[in-house]
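Here's the structure we're looking at; comments come further down.
Counting from 1, the numbers follow the sequence of the chain as shown.
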Amino acid sequence: MQLSGLIIRGGLVITPPPPPPLEFGESYGGGYYAGLYSSSGNGVPTHFLIVAPRQTGQTTLAWDPNTADAPGSTSTTDGLTNSNSINDSGHPAAKFCRDLTIGGQNDWYLPSWYELQTIYNCLKPADINSTTAGSNGILPGVNPYAVIPHSNVYNAAIPGKVHNSSFRSGGAEAFSENYYWTSTQITSTRARAVDFYGGRTFDDLKDGVFYVRAVRKVPYYTVTTGTSRGPYRYWRWRITAVKSTGDGAQAAEFRFQFDGINIALFGASISSTNPNGGTSENVLRLISGNLDEKWYATTANPSGQWATANDSPGRDPSDWTVEASTDNTNWTVVHTVAGYSATSARNTWQTAWNFS
């Protein structure tokens, strides 16, 4: 397993805003972290998406009771621009969001279609995925603006149900398993909605009353740190043994820590020398931010801190090295572990180690 895109150098640098979030549903920026977004649509993160608290930032409203044309609200990717164009009494859903001040923040808005689809990917409340098109013929799941990009139709395992219990069905912050308006107008009489029961999109009459959940976004940034070994741009986690041979290796998440600060990797690029996990358990799941998704390789020798996956303790890594490189060619071993015994608890972060 090899990571690129994470630069570790200099001394620890943390300046406002606060350190970036690690897991979906974590409290952040006046609301809750809801995924990374690439406004350029190339998988390179540009923003953190944040959803408002349910009690103050969610309601049910019509998009436009008069179903009139709304110029300037047709973007499928930029909900703030859409919302500013329809921030008036004739468009109650967008106005509700733009009028909010929560946690000292007043830049809430009605998300665009791809923004809300990204949020569904990250905060899906239940183990249900739609795999067929809605009435508009659009298959659910393809989203080039999500980070990690979704290039396939949803299946039973992707996206995984959110790990954070507050956002699961019945939780205090969970999305209702019903339609939510986006700010994206499709025709003069219809706007796009996302069904949080299974993830399909529909183009509905604007006078329909659906759920509305406000969001905001903040620029994506990274925290950089390091030691005398750095700077290193590339990192490799080489698993050399697991608890039980012959049943492969797996983990739910992997991350670094520096001076007690957790460093998420889901903005990095990642590859594996053994991509046997298939679409639902490929190496991208190792840095997805969701403990209920996992990476699985069917041999035990593919080529921080990690979390156990959902099942099969015998697949837990027991021996490994962490290697670093400046050029992706010459590697330095910076950490070695042998005979590690992970906890029997599943979907659980293991004790962080110190590089020695």
Side-chain angles (χ1 to χ4, degrees), residues 30-32 34-35 37 39 41 47 49-102 105-121 123 125 130 133-140 142-143 145-146 173-217:
Y32 300 94
Y37 190 71
S39 60
H47 294 90
L49 291 176
I50 302 163
V51 298
R54 179 170 175 164
Q55 184 174 7
T56 52
Q58 177 170 295
T59 188
T60 54
L61 289 167
W63 201 96
D64 173 9
N66 300 313
T67 63
D69 190 29
S73 62
T74 59
S75 175
T76 58
T77 62
D78 189 346
L80 182 56
T81 295
N82 288 342
S83 297
N84 285 336
S85 298
I86 52 175
N87 182 20
D88 55 56
S89 59
H91 302 91
K95 188 176 190 312
F96 165 79
C97 298
R98 293 300 290 121
D99 283 350
L100 290 173
T101 298
I102 303 173
Q105 309 296 334
N106 62 3
D107 55 353
W108 303 96
Y109 62 90
L110 186 64
S112 68
W113 174 42
Y114 277 122
E115 287 172 323
L116 190 56
Q117 192 177 358
T118 298
I119 292 168
Y120 173 80
N121 292 344
L123 296 177
S130 296
S135 57
N136 53 16
I138 297 174
L139 289 168
V142 178
N143 183 356
Y145 298 91
E173 296 297 336
F175 279 78
S176 298
E177 294 172 37
N178 214 316
Y179 289 7
Y180 279 78
W181 278 124
T182 77
S183 59
T184 302
Q185 174 180 273
I186 300 303
T187 70
S188 61
T189 59
R190 293 180 181 269
R192 186 150 288 174
V194 174
D195 181 8
F196 269 69
Y197 180 72
R200 288 197 294 176
T201 63
F202 295 88
D203 300 336
D204 288 279
L205 290 171
K206 296 177 182 177
D207 58 359
V209 176
F210 295 151
Y211 281 97
V212 174
R213 186 78 169 253
V215 307
R216 60 186 298 263
K217 59 185 178 182

Completion exercise
CH2 (W181) and CG (D64) are apart, to the nearest 0.5 Å, by 9.5 Å

Handout entry: Side-chain touch V212/W63, heavy atoms, less than 4.5 angstrom
Key = no

Handout entry: Closest contact, heavy atoms only, S112 versus T184
Key = CA-OG1, 3.7 Å

Practice task
Go through Y109 and V215 one step at a time and tell me if the side-chain contact (heavy atoms from CB on, under 4.5 Å) criterion holds.
Solution key: CA-CA 5 Å; Y109 62 90; V215 307; 3.5 Å; yes

Handout entry: Y120 and its ring-ring contact (aromatic ring centres under 6.0 Å, His included) partner, picked from F175, Y180, F196, Y197
Key = F196

Exercise for the section: Search all heavy atoms of P53 against all heavy atoms of I102 and return the closest pair with its distance. Expected result: CD-CG2, 3.8 Å

Problem - Close side-chain approach of I119 to L49, heavy-atom, < 4.5 Å - result: yes

Problem - Whether over 12 other heavy atoms sit under 6.0 Å from F202 CZ - result: yes

Handout entry: Counterpart residues, side chain to side chain donor-acceptor pair (under 3.5 Å), relative to D195 (two or more places apart)
Key = none

Practice task
Tell me, with the steps shown, if N82 and Q185 meet side chain to side chain donor-acceptor pair (under 3.5 Å).
Solution key: CA-CA 9 Å; N82 288 342; Q185 174 180 273; over 6 Å; no

Exercise for the section: Under the side chain to side chain donor-acceptor pair (under 3.5 Å) rule, what do Y145 and Q117 come out as? Steps first, then yes or no, please. Expected result: CA-CA 9 Å; Y145 298 91; Q117 192 177 358; over 6 Å; no

Exercise for the section: Only pairs at least two apart or in different chains count here, so list each salt bridge (charged side-chain N to carboxylate O under 4.0 Å, His left out) that has a residue in residues 79-99. Expected result: K95-D99

Fill in the blank from the handout: Closest heavy-atom pair, E173 versus Y32, reported as atoms and distance to 0.1 Å, is OE2-OH, 3.3 Å

Problem - From R54 atom CZ to T59 atom OG1, the distance as rounded to the nearest 0.5 Å - result: 11.5 Å

Handout entry: Atom pair CG (L110) and CZ (R213), whose distance is rounded to the nearest 0.5 Å
Key = 13.0 Å

Exercise for the section: Calculate, to the nearest 0.5 Å, the distance between atoms CG and OG belonging to L80 and S183 respectively. Expected result: 9.0 Å

Exercise for the section: May I ask you to decide whether R216 forms a salt bridge with D107, counting only side-chain N to carboxylate O separations under 4.0 Å? Expected result: yes

Practice task
Give the intermediate values and the outcome of side chain to side chain donor-acceptor pair (under 3.5 Å) for residues T118 and N143.
Solution key: CA-CA 7 Å; T118 298; N143 183 356; 2.9 Å; yes

Handout entry: Distance (rounded to the nearest 0.5 Å) between Q105 CD and L100 CG
Key = 12.0 Å

Handout entry: Close side-chain approach of N136 and T201, heavy atoms under 4.5 Å
Key = yes

Problem - Donor-acceptor pair, side chain of Y211 and main chain of E177, under 3.5 angstrom - result: no

Exercise for the section: For the pair K217 and E115, evaluate side-chain contact (heavy atoms from CB on, under 4.5 Å) and give the outcome as yes or no after the intermediate values. Expected result: CA-CA 10 Å; K217 59 185 178 182; E115 287 172 323; 4.1 Å; yes

Handout entry: Pairwise distance OG1(T67) to CG(D204) - rounded to 0.5 angstrom
Key = 13.0 Å

Exercise for the section: Quick one: closest heavy-atom pair of V194 and G199, and the distance? Expected result: CG1-O, 4.5 Å

Handout entry: Side-chain donor or acceptor of T182 paired with backbone N/O of R192 under 3.5 Å
Key = yes

Problem - Check: K206 side chain, H91 main-chain N or O, donor-acceptor pair, under 3.5 Å - result: no

Practice task
Please step through side-chain contact (heavy atoms from CB on, under 4.5 Å) for the pair Y114 and Y37, ending with a clear verdict.
Solution key: CA-CA 9 Å; Y114 277 122; Y37 190 71; 3.7 Å; yes

Completion exercise
Of all heavy-atom pairs linking L61 and P92, the shortest is CD1-O, 3.4 Å

Practice task
Could you tell me whether the side chain of S75 reaches within less than 4.5 Å of the side chain of T81, counting heavy atoms only?
Solution key: no

Fill in the blank from the handout: Across all chains, not counting sequence neighbours, the side chain to side chain donor-acceptor pair (under 3.5 Å) partners of S39 are T46

Handout entry: Nearest heavy atoms of S176 and Q58, plus distance in Å
Key = OG-NE2, 3.9 Å

